[in-house]
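Working notes, beginning with the structure itself.
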Amino acid sequence: MQIQKVGVLGAGLMGHGIAQVASQSGYEVVLREVDDGRLEKGMERIDKQLARAVEKGKVEQADADAVKGRIQRTTEYSDLADCDLVIEAITEDLALKLAMWREVDGVVKPEAIFATNTSSLAVIDQAAVTSRPDRFLGLHYFNPAQVMKLVEVVRAVTTSEETFQAGVEFAKANGKLGIPTKDKAGFIVNRLLVPYMLDAIRALEEGVGSISEIDEAMKAGAGHPMGPLTLADFVGLDTMGAICEVMYEEFAERRFAQPPTLRKMLGAGWYGKKSGKGFYDYSGEAPVENSAL
Ligand code: CAA
């Protein structure tokens, strides 16, 4: 099926980026959030990113306006009715996702493809609550979606070859590298990246280095663009906590378990950069180490 109109559920950290990339690639986009406040916050992020690109001379103002113009905003599922592809990027909570899919499945045309941007939940569990498990797959983007090249294209046991190929083609048309992965918790990247970030937290707990020493060491010693604790803050500690829970349940291995420091930080509501505090405090000009840790 020819994909022309794309629905994006959720305008948060991932959703706004997915919507922007799809619009930049020429698709009509319908961006849905639960309320106007969240919708506007997502659009502000897109505005900011486009303004920066215009300022740097990478995008013409007219093109930036066209990108925004192609994104229809809504709080109603019914506005997604004629989308050819619907990608969800809501909170990493299975119950919420299932409730959402049940509603969306009832209003979106039957031939449309559904995709989840889940980081760790089984794609099949979401596919199974819809009337189209053959037209359901995972399209896992990375943060920031505007910049990171990869989209993991996840084939659930029910995903048809046609749907899978449509996912690969869609990733390509968005200028991304689509890499096929099996429907196994964490897919490829989080299976390797999450234990790495958790080990950095354990290294901090054991006093191997301070927060910034661990980060700087991995940047200077392994060539990573961000250290693991900065990256954890960037991904969102709440998201990371949810991923850990799913992966620990799936594999029952210590490497996926939440270290006590992470559990305490989640208890305190320190979700990383988006909440203003995580391993670093973001309230000032530049991030400083969170002195309470
Ligand atoms: N949103 C959109 N674009 C952004 C951005 C953001 N939050 N941050 C930076 N950019 C863009 C900039 O506009 C700039 O674009 P141009 O090259 O077109 O000018 C480009 O990225 C580089 O930005 P900067 O020069 O400001 O900063 P940088 O060179 O330090 O790069 C970074 C920033 C791209 C985020 C880099 O630090 C990086 O690659 N970090 C690692 C990110 C990563 O590992 N992401 C995966 C997380 S895991 C995940 O997402 C999966 C999951 O399920 C949890």
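Predicted model only: the values in this text are computed from it and were never measured. Read the numbers this way: they start at 1 and go in the same order the structure lists the ligands and their atoms.
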Margin query: Considering non-hydrogen atoms of the protein only, which is the closest contact for atom 54 (C) of ligand 1, and what is the distance?
Written below: V235 CG1, 3.4 Å
Item checked: Salt bridge flag under 4.0 Å for residues D183 and R155 -> no
Note to self: Does either side chain, that of D105 or that of T130, offer a donor lying less than 3.5 Å from an acceptor on the other one?
What the structure shows: no
Check: Rounded to the nearest 0.5 Å, what separation is found between the CE atom of M43 and the CD atom of E33?
Finding: 12.5 Å
Notebook entry, point to check: Got the closest protein heavy atom to atom 39 (O) of ligand 1, with its distance?
Noted result: P225 CG, 3.6 Å
Item checked: CD (E205) with more than 12 external heavy atoms under 6.0 Å -> yes
Next item on the list: Would you mind telling me if ligand 1 is within reach of the side chain of N190, the backbone, both or neither, using heavy atoms under 4.0 Å?
Entry: side chain
Notebook entry, point to check: So which protein heavy atom does atom 42 (C) of ligand 1 come closest to, and at what separation?
Noted result: N143 O, 3.7 Å
Item checked: Shortest non-hydrogen separation from L39 to R32 and the atoms involved -> CD1-C, 4.3 Å
Check: Just checking, R255 and Y248: is the charged tip under 6.0 Å from the six-membered ring centre and within 45° of the axis?
Finding: no
Note to self: Counting non-hydrogen protein atoms only, what is the nearest one to atom 19 (O) of ligand 1? Give residue, atom name and distance.
What the structure shows: K56 NZ, 2.6 Å
Item checked: For F142, the ligand 1 atoms whose distance to one of its heavy atoms is below 4.0 Å -> 49 (C), 50 (O), 51 (C)
Next item on the list: Establish whether atom 28 (P) of ligand 1 and some protein heavy atom are separated by less than 4.0 angstrom.
Entry: no
Notebook entry, point to check: Checking side chain to side chain contact (heavy atoms under 4.5 Å, CB included) against Q24, which of N174, I46, L50, V29 comes through?
Noted result: L50
Check: Nearest to atom 48 (S) of ligand 1, what protein heavy atom do you find, and at what distance?
Finding: L193 CD2, 3.6 Å
Next item on the list: Check the pair F136 / W101 against ring-ring contact (aromatic ring centres under 6.0 Å, His included), numbers first and verdict last.
Entry: CA-CA 11 Å; F136 200 111; W101 281 128; 5.0 Å; yes
Checklist line | Heavy-atom protein contact below 4.0 Å for atom 44 (O) of ligand 1 | finding: yes
Next item on the list: Give a yes-or-no answer on whether the side chains of T158 and D134 include a donor-acceptor pair shorter than 3.5 Å.
Entry: no
Checklist line | Contact with ligand 1 for T239, non-hydrogen, under 4.0 angstrom | finding: no
Note to self: Considering non-hydrogen atoms of the protein only, which is the closest contact for atom 20 (C) of ligand 1, and what is the distance?
What the structure shows: V147 CG2, 4.4 Å
Note to self: Only heavy atoms of M226, strictly under 4.0 Å: list the atoms of ligand 1 that pass.
What the structure shows: 35 (C), 37 (O), 40 (N), 41 (C)
Margin query: When you measure from the heavy atoms of M14 to every atom of ligand 1, does any distance fall below 4.0 Å?
Written below: no
Next item on the list: Would you mind checking which non-hydrogen protein atom is closest to atom 7 (N) of ligand 1, with the distance to 0.1 Å?
Entry: P144 CB, 3.9 Å
Note to self: On a heavy-atom basis, I'd like to know which of Q49, K48, Q146 is closest to atom 3 (N) of ligand 1.
What the structure shows: Q49
Check: Protein heavy-atom contact under 4.0 Å for atom 22 (C) of ligand 1?
Finding: no
Check: Looking at NZ of K273 and CG of D233, how far apart are the two atoms once the value is rounded to the nearest 0.5 Å?
Finding: 9.5 Å
Next item on the list: For the residue pair S120 and E92, confirm or rule out a side-chain donor-acceptor distance under 3.5 Å.
Entry: yes
Note to self: Would you say atom 31 (O) of ligand 1 makes contact with the protein, given that contact here means a non-hydrogen protein atom less than 4.0 Å away?
What the structure shows: no
Notebook entry, point to check: Taking the side chain from K176 and the backbone from A145, do they hold a donor-acceptor pair closer than 3.5 Å?
Noted result: yes
Checklist line | Side-chain (E213) to main-chain (S210) donor-acceptor, under 3.5 angstrom | finding: yes
Notebook entry, point to check: At a non-hydrogen distance cut-off of under 4.0 Å, which region of H224 contacts ligand 1 (side chain, backbone, both, or neither)?
Noted result: neither
Item checked: Ligand-residue contact atoms, ligand 1 with S119, heavy atoms, under 4.0 Å -> 53 (O)
Margin query: Within the protein, is there a heavy atom lying under 4.0 Å from atom 25 (O) of ligand 1?
Written below: no
Margin query: Return the closest protein heavy atom for atom 9 (C) of ligand 1 as residue, atom name and distance.
Written below: R52 NH2, 3.9 Å
